[in-house]
Amino acid sequence: MSLALGDRPVDLVHLARQTFGNKDLETEVLLLFLRQSALMMQRLDGAADDKCWREAAHTVRGSALGIGAWKVAETARVVELLAGERRSDDAKRAVLALDAAVRDANGFIESIVAA
């Protein structure tokens with residue numbers, strides 16, 4: 001699978017800037033995103049109230065912005081804004097889109113961390 005720079009789920013240039021080009025730190029940050037995104041998606045899925053929903057989506061968004069996972073960040077922003085409507089069809093579709101974006105980013109991360 002060959003991806004053009006703009007098509008990658010994680011902006012590696014942004015990540016390198018964030019980690020000052022330190023490859024070990026890049027790997028550590030990416031692995032942290034893998035763990036945290038999975039945990040936050042579980043929390044989002046089981047959110048008992050709007051506050052839990054908003055916090056989980058916000059955490060995913062912040063983590064995504066840190067590594068340059070722009071699609072994840074934008075989708076998480078939409079999910080966060082739908083906290084008051086979390087049982088609506090729009091919110092359910094937004095969570096599905098976020099889940100897909102997170103899986104895409106995490107698959108990409110796993111492929112470069114394993115390399």
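Predicted, not measured: the structure shown is a model, and the values here were computed from it.
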- Query: Is Leu25 reachable from Leu15 through a run of hydrophobic residues whose side-chain heavy atoms are each under 4.5 Å from the next?
  - Reply: yes
- Message: Within the 4.5 Å heavy-atom criterion, are Val95 and Asp45 side-chain neighbours or not?
- Response: no
- Task: Answer yes when Lys71 and Asp104 have at least one side-chain N-carboxylate O distance shorter than 4.0 Å, and no when they do not.
- Result: no
- Residues joined to Phe20 in its hydrophobic cluster, side chain to side chain under 4.5 Å directly or through other members, sorted by chain and number, are none
- For Ala73, the side-chain contact (heavy atoms from CB on, under 4.5 Å) test, sequence neighbours excluded, returns Arg61, Ala64, Leu65
- Query: Given a cutoff of under 4.5 Å between side-chain heavy atoms of I, L, V, M, F, W and Y, with clusters grown through shared members, what are the other residues clustered with Leu81?
  - Reply: none
- Query: Charged N to carboxylate O under 4.0 angstrom, Glu74 versus Arg77?
  - Reply: yes
- Applying side-chain contact (heavy atoms from CB on, under 4.5 Å), name anything that partners Leu32, two or more places apart in sequence or on another chain. Arg35
- So the side chain to side chain donor-acceptor pair (under 3.5 Å) pairs with at least one residue in residues 105-115 (sequence neighbours excluded) are Ser37-Asn106
- Do Ile112 and Leu12 come within less than 4.5 Å of each other through their side chains, counting heavy atoms only? yes
- Message: To the closest 0.5 Å, what do you measure between CD (Gln36) and CG (Leu31)?
- Response: 12.5 Å
- Note on the structure: The ring-ring contact (aromatic ring centres under 6.0 Å, His included) partners of His14 (sequence neighbours excluded) come to Trp70
